[in-house]
Amino acid sequence: MDLDMSSMAASLGLSVAVLRFLLCYVATIPISFLWRLVPRTLPKHIYAAFTGALLCYLSFGVSSNLHFLVSIFIGYISMLVYRPKCGLIAFFAAFGYLIGCHVYYMSGDAWKEGGIDTTGALMVLTLKVISCAINYQDGLLKDEDLREAQKKNRLLKKPSLIEYVGYCLCCGSHLAGPVFEMKDYLDWTEGKGLWSPLEKQPSPWGGVGWALLRAAICMALYLNLVPYFPLSTFTNPSYGEWGFFKKLGYQYLCGFTARWKYYFIWSISEAATIISGFGFSGWTNTSPPKPKWDRAQNVDIIGVELAKSAVQIPLVWNIQVSTWLRHYVYERLVQKNKKAGFFQLLATQTVSAVWHGLYPGYIFFFVQSALMIAGSKVIYRWQQGVSAKILKKLLTFVNFAYTMLVLNYSAVGFMVLSLHETLTAYGSVYYIGTIIPVVLLLLGSAVKPPRPARSKAQKKEL
């Protein structure tokens, strides 16, 4: 069996560890389908916990479940010991443990070299553990002290241990997402809300078929593109001899190529979540109504590749993690009756960087992302301030070009990770992707956009 696995991995250009993980990851689809056949409530929780632990064992070995147990019990014990601050305790303790695992395994180097370890799955589990504890803490607050998302997701009573473990490990979602809420998981398992027997349940097969087709296309594109755009080129002496625009083009193509790997992974997880029924999030208002599978969606490929503004990127890339960061970091740093500013944006991106690992490339990428979004907002304000259609269109294109340039420039740090390689790649194009956002921020504070002209009706109202 090991010999067959080795030869299969070699033929695909993968390591045995990565191939084993991919096979287990694809297995989440039939496992999620069988979940539908399990009787409701307790058997479903047991099935979720058992299959999740089995997939972890087959993917990463015995140590993976030990790491997951630590993280799981950090969250549950925090809820048992001190409910008023259990979310805060879980946040720092679970993140601390994750960072320790990142450092111990040097996970970024392993991923960069085509390997894999348990930390990727532990990253997803950490977010689940923290959100559950925070929502249990929110259950103590009054309605007037809560935002809409908090009201929707808060837990008035502590979940049982088997409910909690089932939530953490269900349907293989802990391997690479998507992240979802304990409240939704309980409703799904118990047949409440959208999943009530009284509600019309859609067929999952159309959504599953499209997700699998997309996964196949994404993997084919990635495997065909990646040999042409190796990351080692950034430190190759010949790269230094290229012209400025050729270097920028290569940075774009490296980022473009790398994204198809993530598109493939998230398409598989989308298929697994849809086939279980959990991905269902309601019906469209069209005639006839169509099922929405938003809960399963982690990426909008067209939205990423043709983003008109950097502000749109968190809404279309790693969607469920971006939603988690918005609800559990960004919004909670904003004081009541105050507006969010650059500090909240930077703090959120820093948390995201630390969640990925402590490599300089991650830090550079997420700090750059904060600058990129802030700069894009400046262009958008100018765009809204002008009335001439030609200027609006021009600024729309400028925002698109700016987003693509800075995103793919910044993504080099995410891919190469090391300080030397990151600075070499950035320096080769004169740090253009850092300088432009900073210049835009300075201009934005000095050059205020013109106020859009008011209509006659608006003038009369005044």
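Below, each value reflects all heavy atoms present in this structure, side chains not excepted, and no hydrogens, waters or symmetry copies.
- A side-chain donor-acceptor contact under 3.5 Å links Glu181 and Asn135.
- Between the side chains of Gln320 and Thr323, no donor-acceptor pair is found at a separation under 3.5 Å.
- Here Tyr359 and His102 keep their ring centres 6.0 angstrom or further from each other.
- For Tyr105 and His67, the distance between ring centers is under 6.0 angstrom.
- Checked against the 6.0 Å centroid criterion, the rings of His356 and Phe366 qualify as a close aromatic pair.
- For Tyr185 and His45, the distance between ring centers is under 6.0 angstrom.
- Ring-centre distance between Trp324 and Trp355: not below the 6.0 Å cut-off.
- By the 6.0 Å and 45° rule, Arg295 stacks over the aromatic ring of Phe278.
- Here Lys377 contributes atom NZ and Leu440 contributes atom CG; the two are 14.0 Å apart, rounded to the nearest 0.5 Å.
- Taking both residues in full, the closest heavy atoms of Val412 and Ala425 are given as CG1-CB, 3.4 Å, listed atom of the first, atom of the second, then distance.
- Ser71 and Lys128 share no donor-acceptor pair across their side chains, judged by distance under 3.5 Å alone.
- Nearest heavy atoms, Leu175 versus Phe60: CD2-CE1, 4.0 Å.
- Distance check: Gln344 CD to Glu331 CD gives 11.0 Å after rounding to the nearest 0.5 Å.
- The two residues Ala94 and Val129 have their closest heavy-atom pair at CB-CG1, 4.4 Å.
- Between the side chain of Thr257 and the backbone N or O of Leu225 there is no donor-acceptor pair closer than 3.5 Å.
- A salt bridge does not link Asp184 to Lys192: none of the charged side-chain nitrogens sits closer than 4.0 Å to a carboxylate oxygen.
- Between the side chains of Tyr263 and Glu305, at least one donor N or O lies within less than 3.5 Å of an accepting N or O.
- For the pair Lys292 and Phe280, the cation does not sit on the ring face, since its NZ or CZ is not both under 6.0 Å from the ring centre and inside 45° of the axis.
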key: Working for salt bridge (charged side-chain N to carboxylate O under 4.0 Å, His left out), residues Lys151 and Asp145   = CA-CA 9 Å; Lys151 291 177 187 177; Asp145 297 326; over 6 Å; no
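- Note that Lys290 lies outside the cation-pi zone of Trp283, set by a 6.0 Å cut-off to the ring centre and a 45° limit from the axis.
- The main-chain N or O of Ile275 is found under 3.5 Å from a side-chain atom of Arg36 such that the two form a donor-acceptor pair.
- Taking the six-membered ring for Trp and the full ring otherwise, Tyr409 and Tyr252 have centroids separated by 6.0 Å or more.
- Ring pair Trp35/Trp188: centre-to-centre distance below 6.0 Å.
- Classification of Asp138 and Arg147 as a salt-bridged pair fails, no side-chain N sitting under 4.0 Å from a carboxylate O.
- Formation of a donor-acceptor pair under 3.5 Å by the Tyr426 side chain with backbone atoms of Ser410 is found in this model.
- By the 6.0 Å and 45° rule, Arg83 stacks over the aromatic ring of Tyr136.
- Checked by atom type, the side-chain pair Asn408/Arg259 shows a donor-acceptor distance below 3.5 Å.
- Using a 4.5 Å heavy-atom threshold, the side chains of Cys170 and Phe180 count as touching.
- You'll find the ring centres of Phe95 and Phe91 inside the 6.0 Å limit.
- Taking every heavy atom of both residues into account, Val165 and Ala49 meet most closely at CG1-CB, 3.7 Å.
- In this structure a side-chain-to-backbone donor-acceptor pair under 3.5 Å is present from Gln137 to Gly87.
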